[in-house]
Amino acid sequence: MIYNRFMKKFLAGLAAVSVAALSLLCACNTEEENGGFKRSFFAMSTYATLAADKIEEADFNALADEVRTFLYAADSSLSASVPASYVYKFNNAAAGETVALDEISYEVLSLAKDMYVETDGYFNPAVYYSKNLYGFTAQGETPTTLPEEKYVTAFKELSEHFSEVEIFELDGAYYATKPDFTAKIEDDEREYSLALDLGGIAKGWCVDKVNQMLTDAG
């Protein structure tokens, strides 16, 4: 069951970014195809291809570079596993601490909060620790046993404080303040503050942005 759920999540993410692409590590050369051009990439842990026709090669290359620059910035901002990202810094901040955001993380986190309200909490990006319990990690390690109930209960309660995340703009800069609430678990010395994983919204948001780039390019 855990494996099937992981594969569904992986395939959904793969489909979501199939309309656009970026190379965070390396980009293939532009190729001609059926009167148009394409470039394949490895972006946000996903293989994808950017393709267009009725366009000059120079214009396509400029568009592909624009997409690459945008998605590189998005991944660098939103990844929960990249130490330099704003989400990673938020996750590692102490409860009640205010951390800086960039415009991308501010916009996506704002949208996530709207979706949290719109869905009565069913969409909740504060389930970072809960998903890790079941093996939905960047390393993709599937657990062999179900997690202890004390962790399930504690992390669920922690995630329910997502509505208390405060995000604001001040003097042209962006910030987020973590809730004061922390989770404490018996026989575990660690004190857990709320942590985010925006993977449930980040790729879709990026696809919408890239789709607009394609539209603007004609």
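Within the structure, ring pair (Phe, Tyr, Trp, His ring centres under 6.0 Å) pairs that include any residue of residues 193-216 comprise Phe70-Trp205 (at least two apart or interchain). Identified under the ring pair (Phe, Tyr, Trp, His ring centres under 6.0 Å) test for residues 91-115, with sequence neighbours left out: Tyr106-Tyr174. Sorted by first and then second residue, the side-chain hydrogen bond (donor to acceptor under 3.5 Å, both in side chains) pairs with a member in residues 118-130 read Tyr129-Arg190; sequence neighbours excluded.
Using a 4.5 Å cut-off on side-chain heavy atoms (C-beta onward), Leu196 and Leu109 make contact. Looking only at side-chain heavy atoms (C-beta outward), Leu194 and Ser159 stay at 4.5 Å or farther from each other. Side-chain contact between Leu78 and Ser105 is present, with heavy atoms from C-beta onward closer than 4.5 Å. Residues Phe37 and Asn61 are not in side-chain contact: their nearest non-hydrogen atoms beyond the backbone lie 4.5 Å or more apart.
Judged by the 6.0 Å distance and 45° axis criteria, Lys113 is not positioned over the aromatic ring of Tyr116.
The number of heavy-atom neighbours closer than 6.0 Å to NZ of Lys150, taken from other residues, nucleotides and ligands shown, is above 12. More than 12 heavy atoms of other residues, nucleotides or ligands shown are found within 6.0 angstrom of CD on Gln212.
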Determine, step by step, whether Ser193 and Thr182 satisfy the side chain to side chain donor-acceptor pair (under 3.5 Å) criterion, reporting the C-alpha distance in whole Å, the side-chain angles of both residues, the deciding distance to 0.1 Å, and the verdict.
CA-CA 5 Å; Ser193 65; Thr182 58; over 6 Å; no
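Residues that satisfy the side-chain contact (heavy atoms from CB on, under 4.5 Å) test with Glu157, not counting sequence neighbours, are Phe181. Taking Glu149 as the reference, Val152, Thr153 meet the side-chain contact (heavy atoms from CB on, under 4.5 Å) condition, with sequence neighbours excluded. In this structure, the side-chain contact (heavy atoms from CB on, under 4.5 Å) partners of Glu97, at least two apart in sequence or on a different chain, are Ala93, Ala94, Val99.
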